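Below: one structure, written as structure tokens.
The shown structure was predicted, so the numbers you read here are calculated from the model rather than taken from an experiment.
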Amino acid sequence: VHGDTSAELLPCPLCHAPAPQYAPPYKDKKHYFQCGRCALRFLRPDQRLAPAEEIARYKLHQTTVEDAGYKKFVTPLLECIQREVPLTHRGLDYGARHHP
């Protein structure tokens, strides 16, 4: 809910900028926030999937570089990481399966 100040005070989970702005509910009627720095749109913590639900949903995904929908989904994230993370840093693409 918009007036939930405890959720509004959470930093952005991607770039850690403070005080993301409330964003109107999407088609799924859940409540989202949007970061003013990196534009990440994310769910309120109490509306996120439980770990077991995340795993079940993840197993349904077919993430291949040939899939145009996958590319469209992941490109904004990769662009943000390229802007925000220095080239000297290293990272682990956890959960990418065997595809790049």
What closest approach, in Å, do [X] and [Y] show between heavy atoms, and which atom pair accounts for it?
X	Y	result
Phe42	Pro20	CZ-CG, 3.6 Å
Arg37	Cys15	NH1-O, 3.2 Å
Leu49	Glu54	O-OE2, 3.5 Å

Sequence neighbours excluded, which residues qualify as side-chain contact (heavy atoms from CB on, under 4.5 Å) partners of [X]?
X	answer
Arg83	Glu79, Cys80
Ile81	Leu77, Val85
Ala39	Gln34
Pro51	none

For residues [X] and [Y], determine if any side-chain heavy atom of one lies less than 4.5 Å from a side-chain heavy atom of the other.
X	Y	value
Pro45	Leu10	yes
Tyr32	Gln47	no
Pro13	Leu40	yes

> How long is the gap from NE2 on His31 to OH on Tyr22, to the nearest 0.5 Å?
Replying inline: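 Atom-to-atom, His31:NE2 and Tyr22:OH are 5.0 Å apart.
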
> Are there more than 12 heavy atoms of other residues, nucleotides or ligands under 6.0 Å from atom CD of Gln21?
Replying inline: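 No, because the 6.0 Å sphere around CD of Gln21 holds 12 heavy atoms or fewer from other groups.
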
